[in-house]
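Bear in mind that the values here come from a model prediction, so they are computed numbers and not experimental data. Along the sequence shown, residues are numbered consecutively beginning with 1.
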Amino acid sequence: ALEVVKTRLEEACRMIQVKEIAEPWLPSKPERQTQINCFGYEYAGFPRKIEAVFGDGILELVWILTGKAEEDRVRGALVEAYGPMESQGEDYEVFAGGRVALRKDKPEVLMLSETQVPLYQDELQ
């Protein structure tokens, strides 16, 4: 999966950077964790930095960096794509059964794999 996603990001991004994470921090505790940083990916109307995180070669989560001033517009794009917000905590608004969240303390969108959803449930409340 890592090579497939890497190829797609190379096509969609102005530049990518691949980093091996010395101490994996994903809650699924993979043996190996890799992060691909993608610069210039078009999302919600602007070029973004995306951080795609892989555990043992499987895409587990994606951070899409946004800006605080555009929180309402990004929220609108998430509602349009995934339907109404399903739950809300202090720092997150959650969509799509916990697979997508708008982070409010740091302007980002979080996208999780099915295996990560239960592991992030407490943090997203």
Quick one: does Arg73's side chain get under 4.5 Å of Phe46's, heavy atoms only?
yes
Side-chain contact test, heavy atoms from C-beta onward, threshold under 4.5 Å: evaluate it for Val62 versus Leu110 and give yes or no.
no
How long is the span from the OH atom in Tyr120 to the CG atom in Leu61, to the nearest 0.5 Å?
4.5 Å
Between Leu59 and Ser113, what is the shortest heavy-atom contact and its length?
O-CB, 3.7 Å
With the 4.5 Å side-chain cut-off for hydrophobic clustering, are Val94 and Met85 part of the same group?
no
The reported gap from CZ in Arg103 to CD in Glu71 (rounded to nearest 0.5 angstrom) is 12.0 Å
More than 12 heavy atoms of other residues, nucleotides or ligands under 6.0 Å from CD of Glu20: yes or no?
yes
Rounded to the nearest 0.5 angstrom, the OH-OG1 distance for Tyr43 and Thr66 is 8.5 Å
What verdict does the side chain to side chain donor-acceptor pair (under 3.5 Å) test give for Glu123 and Tyr92, after you've listed the backbone C-alpha separation in whole Å, the side-chain angles of each residue and the deciding distance to 0.1 Å?
CA-CA 9 Å; Glu123 185 176 334; Tyr92 293 93; 3.1 Å; yes
Under 4.5 Å between any side-chain heavy atoms of Phe95 and Val79, yes or no?
yes
Considering only NZ, NE, NH1 and NH2 on the basic side and carboxylate oxygens on the acidic side, decide whether Glu93 and Lys104 come within less than 4.0 Å.
yes
Nearest heavy atoms of Gly55 and Glu60, plus distance in Å:
N-CG, 3.7 Å
What I'd like to find out is whether the side chain of Cys13 reaches to under 4.5 Å of the side chain of Phe39, using heavy atoms alone.
no
In terms of heavy-atom contacts, Val117 and Gly97 come closest through CG1-O, 3.6 Å
To the nearest 0.5 Å, atom CD of Glu42 lies from atom CZ of Arg14 at 8.0 Å
With side chain to side chain contact (heavy atoms under 4.5 Å, CB included) as the test, would you mind laying out the steps for Leu112 and Leu124 before giving the verdict?
CA-CA 11 Å; Leu112 296 169; Leu124 298 178; 4.1 Å; yes
Minimum heavy-atom distance between Gln33 and Val53, given as atom pair plus value
NE2-CG1, 3.5 Å
Do the side chains of Val5 and Leu2 join up, straight or via other hydrophobic residues, at under 4.5 Å, putting them in one cluster?
yes
Below 4.5 Å, heavy atoms only, C-beta onward: do Lys6 and Ile16 meet side chain to side chain?
yes
Determine whether more than 12 heavy atoms belonging to other residues, nucleotides or ligands lie under 6.0 Å from atom NZ of Lys106.
no
Take Glu70 and Arg48, measure what salt bridge (charged side-chain N to carboxylate O under 4.0 Å, His left out) needs, and give me the verdict at the end.
CA-CA 13 Å; Glu70 62 180 340; Arg48 312 281 180 183; 2.5 Å; yes
Side-chain heavy atoms of Arg99 within contact of Met111, under 4.5 Å
no
Say whether Trp63 and Leu26 are linked into one hydrophobic cluster, either directly or through other cluster members, by side-chain heavy-atom distances under 4.5 angstrom.
yes
Of all heavy-atom pairs between Gly57 and Ala1, which one has the smallest distance, and what is that distance?
O-CB, 3.4 Å
Can a salt bridge be assigned to the pair Glu10 and Arg8 using a cut-off of 4.0 Å between side-chain N and carboxylate O?
no
Nearest heavy atoms of Gly98 and Glu86, plus distance in Å
N-OE1, 3.9 Å
Should Val18 and Leu9 be regarded as members of a common hydrophobic cluster, given that ILVMFWY residues are connected when their side-chain heavy atoms come within less than 4.5 Å of each other, either directly or indirectly?
yes
How many angstroms lie between CD1 in Ile64 and CD1 in Ile50, if you round to the nearest 0.5 Å?
5.0 Å
So Ser28 and Gln116, side chain to side chain donor-acceptor pair (under 3.5 Å) or not? Walk me through it.
CA-CA 7 Å; Ser28 54; Gln116 295 298 310; 2.9 Å; yes
To the nearest 0.5 Å, what is the distance between CG (Asp56) and OG1 (Thr34)?
8.5 Å
Under a single-linkage definition using a 4.5 Å side-chain heavy-atom cutoff for Ile, Leu, Val, Met, Phe, Trp and Tyr, are Ile36 and Tyr41 assigned to the same hydrophobic cluster?
yes
